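Written below as structure tokens is the structure these notes are about.
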Amino acid sequence: METIKTRFAPSPTGHLHVGGARTALFNFLIARQAGGTFLLRIEDTDRSRHDESAIAKICEDLRWLGIEWDEGIEVGGPNGPYRQSERLDIYRRYLRRLLDEGRAYYAFDTAEELDAMRERSRAETGGFRYPRPERFAGEEEAERARAEGRPVVARIRCPDTDVTVADESFGEITIPAGEQEDFIIQKADGYPTFYLANVVDDELMGVNFVCRGQEFLDQTWRQAVLREALGFREPRLLHLPLIMDRHGRKLSKRDGDVDVHAFRRAGYLPEALVNFIALLGWRPGGDREKFTPAELVQEFKTERLSKANARFDREKLLSFNTDALAAAGEDRLLAALKDYLSLHSTPIPAGDDALLRAVLRACRGIRTFADLVAKCEVLFGPDDAFQYDPQAVAKVLEKGAGYETLAELRPRLAATDWTAEALEALLEAYGVEKGLKMGKIAQPLRVAVTGSTVSPSIYETLVFLGKEKTLVRISRCLAERSAG
RNA sequence: GGCCCCAUCGUCUAGUCAGGUCUAGGACAUCGGGUUUUCAUCCCGGUAACAGGGGUUCAAAUCCCCUUGGGGUCACCA
């Protein structure tokens, strides 16, 4: 049995999209599980949509997710180059062969002419298929057309027989001879279309298992036609259900950030994203839904792929992330937090591991690293930079005896040891003495030193701050009161 | 519109292929309650679904057909 070789072949238009990440993940899992090879190829045959920086972004996003490829862009391999724009001569050789054998032909229609033909034909018969010329134009005519400034494309001559492709998830799909159109395989700019380049590369690179989104299913026959014309082998085919947004429409960037990188920036853990993405179209069966990356390699089964569309549920992703954060060990959290901080500008000292570990411990229960920053940021910033939240001030300081409590507490704080234990003892003793519940003590303090009602436990908050900054901030709070 | 695909709580799904054990299970969301110095976490409990109609069968969420609904695709984009 031949070793399985899968690939992910994105076109470089920006950061990796969650849909692309899902396709990459499944191809990766299929290869890993079979002890096969996973390849990464860049399909950059559309010069108008090309974004050179996107290649590095996609690679970075994949690596962040833990999806490593064995062969392809950036890592090399025996079948390169791995970007199609560097393989143009190869596609031309195959096109030449098709042309010489009468399996392909030149066409010179302009976009406007084609639009007109389509419009007329659809009005009359409801459909449109490019009318194959009686006689195929040769090189001389192509030259002449080019000289006249007309576009010159190459179209494949479809066979006059039905074409059937066998998909492992959706079954056999047959396209009757009468519904096949002589589609374009080389564009007027000399670049191959996706159909040609994709098929040639899969053959040359030894890809024998194609797994991609269902939006490709209805045009798989085109690749089958090309493979047949070129004498290529047919790979195993597996199409994945589509990923929909919350409204049930195909997931698009309009629905908010659906780039993997956006989730990284938002403070998500890659293992949570991977786990969640794995469930988009894959049904493990039973009640289990939490899987580590290693378990995914172990448990993933192509037989358990769904045919129904999956929905991208951000709420559930958030919940997965919350759980993953709670389940992760401190070393793992530290590394992930540092990655997060490296992407943002915050006053939290990203280089101080001991401090970061303490912050992590103080922030158990966060849902994303963004929560952690929102909660602790002000503790590490300047004492005079943060604003006092008017609502917090009104509710916690002005409504009760908040200011009085602060004024009374300040000298006691100034005289105590600065440890969580000592602070706890001090505040509790004060509470007993005054007959106050901890809420009446902790909240005024919290607002005084952070400007808001949200921070880690009051003891940890004060310890992070240090005695000096705590006293400065309490003074500032009291001063702002008198200032009105 | 042609062709293709899909259909269990609001969402993802277990169960469907091998019909009975399903008064339909879980998770997320939601609602109620609890723990707690804030937020978040956590704990307990509740509401909530087999799209509709025909068959087949002793028996159907499970098999068949139709209807309805949803999605995809029909590019010199991939």
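Since we're looking at a predicted model, the values are computed, not measured. Labels below follow one simple rule: chain letters A, B, ... track the order of the sequence lines, proteins then strands, and each chain is numbered from 1.
- Among the protein residues, A:A308 comes within range of the sugar-phosphate backbone only, with heavy atoms under 4.0 Å from sugar or phosphate atoms but none that close to a base.
- For CD of A:E139, the number of neighbouring non-hydrogen atoms (other residues, nucleotides, ligands) closer than 6.0 Å is greater than 12.
- Between A:E460 atom CD and B:U38 atom P the separation is 14 Å, expressed in whole Å.
- Only the P atoms considered, B:U21 is 39 Å distant from B:G34, to the nearest whole Å.
- Between A:R129 and the phosphate of B:A75, there is no side-chain N or O to OP1/OP2 separation shorter than 4.0 Å.
- If you check every strand for non-hydrogen atoms under 4.0 Å, A:K375 touches a base.
- Side-chain atoms of A:Q223 and A:T220 include no donor-acceptor pair closer than 3.5 Å.
- Taking the C1' atoms as reference points, B:A7 lies 13 Å from B:U13, given to the whole Å.
- Atom CZ in A:F128 sits about 17 Å away from atom C1' in B:U73, given to the nearest Å.
- As judged by a 4.0 angstrom heavy-atom cut-off over every strand, A:S455 is placed among the base-contacting residues.
- Nucleotides of RNA chain B nearest to A:A310 and A:E172 differ in position, and the one nearer the 5' end is that of A:E172.
- A straight line from CZ of A:F312 to P of B:C12 spans 14 Å, rounded to a whole angstrom.
- For the OP1/OP2 pair of B:G26 and a distance below 4.0 Å, the side-chain nitrogens and oxygens of A:R288 include no atom meeting the criterion.
- As judged by a 4.0 angstrom heavy-atom cut-off over every strand, A:P10 is placed among residues making no nucleic acid contact.
- Nucleic acid contact for A:Y195: base, since at least one base atom lies under 4.0 Å from a heavy atom of the residue.
- As the counterpart of B:A7, B:U68 is assigned, both hydrogen-bonding distances of the Watson-Crick or G-U wobble pattern falling under 3.5 Å.
- Within 4.0 Å (heavy atoms only), A:I458 reaches at least one base atom of the nucleic acid.
- Nucleotides B:G20 and B:U56 place their C1' atoms 16 Å apart, quoted to the nearest Å.
- If you check every strand for non-hydrogen atoms under 4.0 Å, A:P176 touches nothing.
- Interface remark: the A:N309 side chain does not form any donor-acceptor pair with the B:G71 base, using a distance-only criterion of under 3.5 Å.
- With A:F320 as the aromatic partner, A:K290 meets the cation-pi criteria of under 6.0 angstrom to the ring centre and within 45 degrees of the ring axis.
- A:K467 NZ: more than 12 foreign heavy atoms inside a 6.0 Å radius.
- For A:Q186 and B:C76, the CD to P distance is 14 Å, given to the nearest whole Å.
- Per the geometry, CG belonging to A:D189 stands 12 Å off C1' belonging to B:C77, to the nearest Å.
- In terms of phosphate contacts, A:K187 brings a side-chain nitrogen or oxygen within less than 4.0 Å of OP1 or OP2 of B:C77.
- When heavy atoms are screened at a 4.0 angstrom cut-off, A:F320 is found touching no nucleic acid atom at all.
- Comparing A:R304 and A:R311 against RNA chain B, the residue whose closest nucleotide sits nearer the 5' end is A:R311.
- At a threshold of 4.0 angstrom between heavy atoms, the contacts of A:D371 with the nucleic acid are absent.
- One interatomic measurement links the two molecules: CG of A:D245 to P of B:U11, which rounds to 13 Å at whole-angstrom precision.
- If you measure from atom CD1 of A:I277 to atom C1' of B:C12, you get 15 Å, rounded to the nearest angstrom.
- With P as the reference atom, B:U23 and B:A49 are 15 Å apart, rounded to whole Å.
- In this structure, A:R212 reaches neither bases nor backbone, as no heavy-atom distance under 4.0 Å exists between it and the strands shown.
- Across B:C77 and B:A40, the matching C1' atoms stand 44 Å from one another, rounded to whole Å.
- Distances shorter than 4.0 Å separate none of the side-chain N or O atoms of A:R47 from OP1 or OP2 on B:C77.
- Summarising the local packing, NZ of A:K187 is surrounded by more than 12 heavy atoms from other residues, nucleotides or ligands at distances under 6.0 Å.
- By the 6.0 Å contact criterion, CD on A:E234 is enclosed, its count of non-hydrogen atoms from other residues, nucleotides or ligands being greater than 12.
- Nucleic acid contact for A:R446: base, since at least one base atom lies under 4.0 Å from a heavy atom of the residue.
- Across B:A51 and B:U16, the matching P atoms stand 16 Å from one another, rounded to whole Å.
- To the nearest 0.5 angstrom, A:I185 atom CD1 is 14.0 Å from A:F194 atom CZ.
- For B:U41, neither phosphate oxygen OP1 nor OP2 lies less than 4.0 angstrom from any side-chain nitrogen or oxygen of A:T322.
- Rounded to whole angstrom, the span from the CD1 atom of A:I366 across to the C1' atom of B:A40 amounts to 9 Å.
- The partner of B:G1 is B:C74, judged by Watson-Crick or G-U wobble contacts that both fall below 3.5 Å.
- Contact annotation for A:S48: no contact, since no heavy-atom pair falls under 4.0 Å across all strands.
- Nucleotide B:U30: paired with B:G46 (Watson-Crick or G-U wobble, both distances less than 3.5 Å).
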